[in-house]
Structure formats: structure tokens, C-alpha cells
Chemist: 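Attaching a single structure in C-alpha cells format; questions to follow.
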Amino acid sequence: MRPRPSIEGRYRAGADAWIHHTGSSWSLTMAGAPARRLRPGETFTVAGVALRTVLVALEDAGAPPTELDGGLAAPLTLVARFDTAHILRGGELALALDGLSARILSELIRFGVPVEWGVVAGELWTEPDSPALVRRR
């Protein structure tokens, strides 16, 4: 049986790899190796599973489903309940979020349309802070 990759919305010690946003780009850290910048079109292998990054325009982000082993994976279903959010694929839990990650996804779903980051941030942090400070959060 081939390994099945899974993703989590937070850091997990002991994971085979971490993909994280650095503010202006994305980085990949493989277990036991230093972080490096992740570029569109790059292929890398984690726990025997080949993965490839793709650059997708925002308006195309919802379709088609992700390719998996030469076929198409089932579409995602998002279930957001403010402090928790679940991403299901084919009725099975693919990712569970809580805390701030769940709140951000819940706000995005509530808007129902693409919005600038500042609009979502304004819903989460109501105290007056500089845009640079809010963006770092």
C-alpha cells in the first residue's frame, strides 16, 4: 500500500516536511534539512510520494480537482464553524483546523467572494494597529 500524504494546518514536530509562508514567498523544510524557497513547477518527494507545486490564478483556484496518481481526487467540501473548520475530500476528513486558522477560513467562506487580506484581518483584529503589524499576524 502506498503512503497517503496528509496535511495539517499547524506545525507538527516530527513531520516529514513543512510548507510555510515567509511573507513574500513559500518555503519548504524537509526533515533534517534547512528551509529553502519553494518555486512554482518544482517537484519534490516526501515519504516516497512525489509532489509538484503549481501556480494557480485566484479565479481558477476552485477547479479542477487536484490530480492524484494520474487521476482526479474527489472535490473538497469546506465546513466552517468559526473556531473550527474541516476540509473533507469525498466525505472523509482531509484537514481539521482550529483557532486562528479556522477563523480565517470561516471569514473567507462567510464573504463568499475573494477579498483583500485587510478586509479579513479587519474582521479578526478590531483594535487599531498599523497594516504592517496586522499583516504579520
Side-chain angles (χ1 to χ4, degrees):
M1 182 171 172
R2 294 185 62 187
R4 184 178 177 117
S6 65
I7 57 174
E8 295 188 29
R10 67 181 67 113
Y11 173 81
R12 177 170 302 265
D16 293 315
W18 303 268
I19 296 174
H20 45 98
H21 192 255
T22 62
S24 60
S25 64
W26 291 89
S27 287
L28 170 67
T29 304
M30 303 287 285
R36 63 180 177 80
R37 186 172 180 178
L38 195 56
R39 292 176 168 47
E42 185 174 344
T43 302
F44 56 96
T45 302
V46 178
V49 177
L51 302 167
R52 184 173 56 91
T53 61
V54 294
L55 185 61
V56 178
L58 181 60
E59 60 269 11
D60 297 331
T66 302
E67 290 183 28
L68 181 66
D69 295 331
L72 295 178
L76 298 177
T77 301
L78 306 176
V79 179
R81 295 188 174 101
F82 191 69
D83 284 325
T84 64
H86 296 89
I87 301 175
L88 307 167
R89 181 179 301 277
E92 293 185 28
L93 182 65
L95 176 66
L97 301 170
D98 62 5
L100 186 57
S101 298
R103 289 187 59 204
I104 291 170
L105 182 58
S106 295
E107 291 295 341
L108 289 169
I109 291 170
R110 185 176 66 86
F111 283 118
V113 296
V115 295
E116 292 183 10
W117 71 268
V119 175
V120 176
E123 295 295 316
L124 299 173
W125 297 285
T126 56
E127 65 277 357
D129 279 322
S130 72
L133 178 61
V134 173
R135 188 172 185 101
R136 287 180 54 96
R137 291 183 184 160

Chemist: Determine whether M30 and W26 fall in the same hydrophobic cluster, where Ile, Leu, Val, Met, Phe, Trp and Tyr are linked whenever their side-chain heavy atoms lie under 4.5 Å apart.
Modeler: yes

Chemist: Which value, rounded to the nearest 0.5 Å, describes the distance between L93 atom CG and H86 atom NE2?
Modeler: 6.0 Å

Chemist: Are the side chain of W18 and the backbone N or O of A31 linked by a donor-acceptor pair below 3.5 Å?
Modeler: no

Chemist: Taking atom CZ of F82 and atom CZ of R110, what is their separation to the nearest 0.5 Å?
Modeler: 9.5 Å

Chemist: Atom CD of E107 and atom CG of L124: how far apart are they, to the nearest 0.5 Å?
Modeler: 5.5 Å

Chemist: If hydrophobic clusters are built by linking Ile, Leu, Val, Met, Phe, Trp and Tyr wherever their side-chain heavy atoms come under 4.5 Å apart, do L76 and L88 end up in the same one?
Modeler: no

Chemist: Are L28 and V49 in one and the same hydrophobic cluster, where Ile, Leu, Val, Met, Phe, Trp and Tyr link if side-chain heavy atoms are under 4.5 Å apart?
Modeler: yes

Chemist: Would you name the heavy atoms of S106 and A80 that are closest together and state the gap between them?
Modeler: OG-CB, 3.3 Å

Chemist: Nearest 0.5 angstrom please: D83 CG to L100 CG, how far?
Modeler: 10.0 Å

Chemist: Should L97 and I109 be counted in the same cluster of Ile, Leu, Val, Met, Phe, Trp and Tyr side chains packed under 4.5 Å apart?
Modeler: yes

Chemist: Please tabulate, for side-chain N and O atoms in residues 35-42, each donor-acceptor pair with protein atoms closer than 3.5 Å (sequence neighbours left out).
Modeler:
| residue | atom | partner | partner atom | Å |
| --- | --- | --- | --- | --- |
| R36 | NH1 | E42 | OE2 | 2.1 |
| R36 | NH2 | E42 | OE2 | 2.9 |
| E42 | OE1 | R39 | N | 3.0 |

Chemist: Enter the distance from L105:CG to T84:OG1 here, rounded to the nearest 0.5 Å.
Modeler: 10.0 Å

Chemist: L51 pairs by side chain to side chain contact (heavy atoms under 4.5 Å, CB included) with which of T43, I19, V46, T45?
Modeler: V46

